[in-house]
Amino acid sequence: MFSAESKNSYEQINAIFERKKAEAVSSFEAYWDERTWQRYVRCDRLADPHDLPAVNTFKTWLDDNIAETELHDVEDWIKNVPNWTATVHERLLDICEEKEAARLNEVLSVLIDLRTQLDEWWAVRVLRRICRYPEANERIIEQRLVSIYFWQDTVREKRAKMLFYGGLELEIASHMRNLNVALRIVAEWKANVDHIVVVLARYPPGACFVRQDFVVKPLDTNESRRPSVTISDRASLPRITPLNHRLSTSIPKQSSVRSNSRVSLISEQRRASKEFTEAKKNAAGKSLSPATSRRNKATKGKSSQSKSPSKSPSKSTSKSPSKKSKSKSPKRWDANRKPGTKKASKDVSAEVEKNEHLKASLLSKVTSLWTPSDPSATVAPSHEIDDRIECLLGYTYEIKTFAAPPLATQSGEWTLYEESDAANEAGFPGAGVAGQEFLNIGLKIPSEDIFVASGDPLVAFYDERSGKWKKGIYTTHVEHDRRSSTMKFRLSKLGKVALFQRNDFHFPFKKWAIGPSDDGSAVSFLITTDMVSLEFRLEENGVSLSVQSGAEFTKLKTINKKALSLGDMAQQLILHGVCIFPNDYTVQQHGKDNKKDTELEELVCRQIALCATFVTVGQSHLNSSLPSDSIVISSTAPERKSDLNTNEWPLYRVTKTDGHFKTIAYTLTDSTVSASLDDASEEERQERRSLVHALLNVSEDANVLSLLDNRNPALTSTVYRWLMLTRVLCMTK
């Protein structure tokens, strides 16, 4: 089928890939070194996010000099520390080495402690200021990631007062007025990106260069057509009963089941099915009417006489009626027998027990293949926010009260006031008033800046004891005010509150395509969901978003045309409600009808990344109809990349069978484009050595070697990691 590759060819591919992998890692490190140098040029106080001694030194210096630090200086530090935290967190998103990640986590821990101390020092100075100048009873620090609001009621009013801080509305009722209590609200904009960290760590720079992709042996045609019974995972395992005449699951290559055990599974399954089918047939005759039963018996008797060998009538009549003729057919269980007959009802239960024994035997063999997962690990309590399917919507708001010193008094020419060196937390406003210990809160749904899923958002409270967001605790009377697009509720405990929404409303994807950019120096990635249509420009170790109009431009204008790292771009998109990066649970739920073998998916993404600077690749509508061991994509020339009607492009199918991969290129006509690929004629299909050979339309290994050697390794690595983040091969309908 193929000409055998020489040993020199194997060694050449291996040498090229090892060199490309080293170049990709070196380019990745140079990218982050350049980012650090740019911060040095801007004179950032924390230019190097890894510099743990510098962070500790800075924290110690602030501890020693905070008494002499003025309010505006503390506010400057408060604005800088969140930016430093974001820098460290951005680097932590795209980290590869465990030692480096541990060091960054230490830096992040110090910065979080420093931020907590700065908030307390700032509260102390604001309280002093309000004490001396009661008319300046509000203080605001506004920033994109963190904003702080401080308010104290210095003039007692009888009517209720509404406070508006960003997207939060808070009603201070008359019974909550207390001159000795100040209110502080800290608003933070953050997202849960734990699964992004896991994926980027799983596929580090250079992971796309695997020599085995091109060392593929051709499949034996007869072996490839041989059916196999496998079990991929517990979720796809069918209920094993005699009614399941066939096992439609598949056993991965890693399974320790040998061929003889596989045969025993099938034989026991067939034997149980056969006995159960016979029992069902006999039981069906019992439900017939007496006339029908007699007619069937008479018909059965005539047929048996016609088939039996001829005997003399004298011999047949001479026999006593009480004696029964011996039958050579095997004995069967007759469901029509009465309890008084030889086949008693206890024999029926014995047959059932026999079938149950067969099922138990079969299950005992199968259960050795996997360990059942703990149900409590996948089912979250009803009052907890499930991070797998829900995400933050907008800011989180932390509400605290502080005991304020008495206001300044005038005594002649002297102004008397009390200074405090600490901000002591106070109790709940209005405490002691029966039935009035709550705050009326309103959280505005930020639909102007964030894509919002259909349905009402959830109101959740952060439980510090468990470290979990929970819904339905300390938040009552939840109501969606559609006129103002606000979620209103009553809060009975001070702490953190936030809105949550579903994170899966962009799945499944409608279209996607990836290919060379217009200038040829980068790779363009287009993706369309039910709500957005985005185009990304993938470059060396970075990505930028390019949107021109529509809701995408309005909501994503802060990150449009801005070059970011892969992890930071994913985080910014999640913050804006563009959750196009599925976690494992989302893939299992929304991609269960289109779930693909992980090893097969990785191989196809690697080879797409190798060809992305030459050809445009897109989805095929036939991919979702194929089993997990097959992936179908389409490809076309770069000048047709804007045409997302990829159903008309040539198709390429990659199949995994017993650890081997086979690639077939299809050239379908208009009449067969919607048909099954298995029905394609010999003229419409051509088997190729790899997907790279098929996409680039080359047949000689020397050509592939030269193309691979001239490839940009950093760009190829970026494309591969982005494809594994989006999982377009199994998340497109």
Residue pair Val197 / Leu92, side-chain heavy-atom distance below 4.5 Å = no
Crowding at NZ, Lys555 (>12 non-hydrogen neighbours, <6.0 Å) = yes
request  = Using modelled atom types only, decide if a donor and an acceptor are shared between the side chain of Ser544 and the backbone of Ala563 within a distance under 3.5 Å.
outcome  = no
task = Mind listing the closest non-hydrogen atom pair of Thr613 and Leu715 along with its distance?
result = CG2-CD2, 3.7 Å
query = Are the side chains of Val55 and Asp51 in touch, meaning some heavy atoms are under 4.5 Å apart?
reply = no
key: Test log, rule side-chain contact (heavy atoms from CB on, under 4.5 Å), inputs Arg91 and Glu100   = CA-CA 10 Å; Arg91 185 68 185 93; Glu100 189 176 359; 3.2 Å; yes
inquiry  = Are more than 12 heavy atoms, taken from residues, nucleotides or ligands other than Phe553, located less than 6.0 Å from that residue's CZ atom?
reply    = no
inquiry  = Using every non-hydrogen atom in the two residues, find where Asn583 and Arg388 come nearest and quote the distance to one decimal.
reply    = ND2-O, 3.1 Å
ask   = Does Trp151 have Arg184 sitting over its ring (NZ/CZ under 6.0 Å from centre, angle to axis within 45°)?
value = no
task = Please step through side-chain contact (heavy atoms from CB on, under 4.5 Å) for the pair Ile148 and Ile140, ending with a clear verdict.
result = CA-CA 6 Å; Ile148 306 179; Ile140 301 176; over 6 Å; no
query = Salt bridge between Arg502 and Asp504, side-chain N to carboxylate O under 4.0 Å?
reply = yes
task = Determine, for Glu539 against Arg537, whether the closest basic-nitrogen to carboxylate-oxygen distance falls under 4.0 angstrom.
result = yes
Centroid-centroid distance, Trp469 to Phe500, less than 6.0 Å = yes
task = Find out whether Phe509 and Thr528 are in side-chain contact, i.e. whether some heavy atom of one side chain is under 4.5 Å from a heavy atom of the other.
result = no
request  = Working to the nearest 0.5 Å, report the span between CD of Gln572 and OG of Ser565.
outcome  = 9.5 Å
task = Using the side-chain contact (heavy atoms from CB on, under 4.5 Å) rule, take Met569 and Gln571 through it: C-alpha gap first, then chi angles, then the decisive distance, then the call.
result = CA-CA 5 Å; Met569 176 60 75; Gln571 177 178 338; over 6 Å; no
inquiry  = For Asp519, is there any backbone N or O sitting under 3.5 Å from a side-chain donor or acceptor partner on Ser521?
reply    = no
ask   = Within 45° of the ring axis of Phe150 and under 6.0 Å from its six-membered ring centre, is that where the NZ or CZ of Arg139 lies?
value = no
task = Decide yes or no for His195 and Ile574: does some side-chain heavy atom of the first lie under 4.5 Å from some side-chain heavy atom of the second?
result = yes
message = In the structure I gave you, are the side-chain heavy atoms of Leu458 and Leu393 within less than 4.5 Å of one another anywhere?
response = no
task = Decide if atom CZ of Phe451 counts as having more than 12 heavy atoms of other residues, nucleotides or ligands within a radius under 6.0 Å.
result = yes
task = Kindly compute the distance separating CG (Asp94) from NE2 (His89), expressed to the nearest 0.5 Å.
result = 12.5 Å
note = In this structure, OG of Ser109 is separated from CG of Leu114 (nearest 0.5 Å) by 11.0 Å
key: Side-chain ion pair, Lys471 and Glu390, N-O less than 4.0 Å   = yes
inquiry  = My understanding is that only one of Glu552, Glu535, Lys561 makes a side chain to side chain donor-acceptor pair (under 3.5 Å) with Ser546; could you say which?
reply    = Lys561
inquiry  = Whether the side chain of Asn65 engages the backbone of Trp61 through a donor-acceptor N/O pair (distance < 3.5 Å, no angle test) should be reported.
reply    = yes
ask   = If we only count heavy atoms from C-beta on, is the Trp122 to Val124 side-chain gap below 4.5 Å?
value = no
query = Hey, what do you get for CG (Leu104) to OG1 (Thr87), rounding to the nearest 0.5 Å?
reply = 11.0 Å
task = May I ask you to check whether Phe505 and Phe507 place their ring centers less than 6.0 Å from one another?
result = no
ask   = So, for Leu392 and Lys190, which heavy atoms are closest and what is the spacing to 0.1 Å?
value = CD1-O, 3.5 Å
ask   = From Lys470 NZ over to Ile385 CD1, what is the distance, rounded to the nearest 0.5 angstrom?
value = 11.5 Å
task = For Glu135, look at atom CD and say whether over 12 heavy atoms of other residues, nucleotides or ligands are found less than 6.0 Å away.
result = yes
inquiry  = Under 3.5 Å, is there a donor on one side chain and an acceptor on the other for Glu142 and Tyr149?
reply    = no
query = Any side-chain heavy atom of Tyr40 within less than 4.5 Å of one from Gln38?
reply = no
request  = Would you please test Tyr720 and Thr716 for side-chain contact (heavy atoms from CB on, under 4.5 Å) and show each step?
outcome  = CA-CA 6 Å; Tyr720 173 61; Thr716 303; 5.7 Å; no
task = Verify ring-ring contact (aromatic ring centres under 6.0 Å, His included) between Phe536 and Trp722, making sure each step is shown before the conclusion.
result = CA-CA 10 Å; Phe536 297 91; Trp722 186 258; 5.1 Å; yes
message = Are His576 and Trp189, when compared by the centres of their aromatic rings, separated by less than 6.0 Å?
response = yes
ask   = Donor-acceptor pair, Thr60 side chain versus Asn56 backbone, under 3.5 Å?
value = yes
ask   = Looking only at heavy atoms, which two atoms of Leu127 and Phe402 are closest? And how far apart?
value = CD1-CB, 4.4 Å
query = Judged by modelled atom types alone, do Ser466 and Asp463 share a side-chain donor-acceptor pair under 3.5 Å?
reply = yes
message = A cation-pi test, strictly: NZ or CZ of Arg721 under 6.0 Å from the centre of the six-membered ring of Phe28 and no more than 45 degrees from its axis. Yes or no?
response = yes
key: side-chain hydrogen bond (donor to acceptor under 3.5 Å, both in side chains) between Arg35 and Tyr31, intermediate numbers included   = CA-CA 6 Å; Arg35 297 283 295 272; Tyr31 169 79; 2.7 Å; yes
message = Can a donor-acceptor pair be found, under 3.5 Å and without considering hydrogens, that links the side chain of Asp568 to the backbone of Leu564?
response = no
key: Minimum heavy-atom distance between Leu168 and Leu170, given as atom pair plus value   = CD2-CB, 3.8 Å
request  = Take atom NZ of Lys79 as the centre, draw a 6.0 Å sphere, and report whether it contains more than 12 heavy atoms from other residues, nucleotides or ligands.
outcome  = no
task = Considering non-hydrogen atoms only, spot the tightest contact between Leu499 and Lys444 and give its length.
result = CD1-O, 4.1 Å
key: Cationic N near anionic O, under 4.0 Å, Glu75 to Arg125   = no
ask   = When you check the side-chain N and O atoms of Ser27 and Asn541, is any donor under 3.5 Å from an acceptor?
value = yes
task = Keeping the roles fixed (side chain from Asn560, backbone from Val547), state whether a donor-acceptor pair exists under 3.5 Å.
result = yes
ask   = Would you call Arg606 and Val210 a side-chain contact if the rule is heavy atoms closer than 4.5 Å?
value = yes
query = Between NZ of Lys493 and CD1 of Ile473, what distance do you get to the nearest 0.5 Å?
reply = 7.5 Å
message = Tell me whether Glu601 is salt-bridged to Arg727, with the criterion being a basic N under 4.0 Å from an acidic carboxylate O.
response = yes
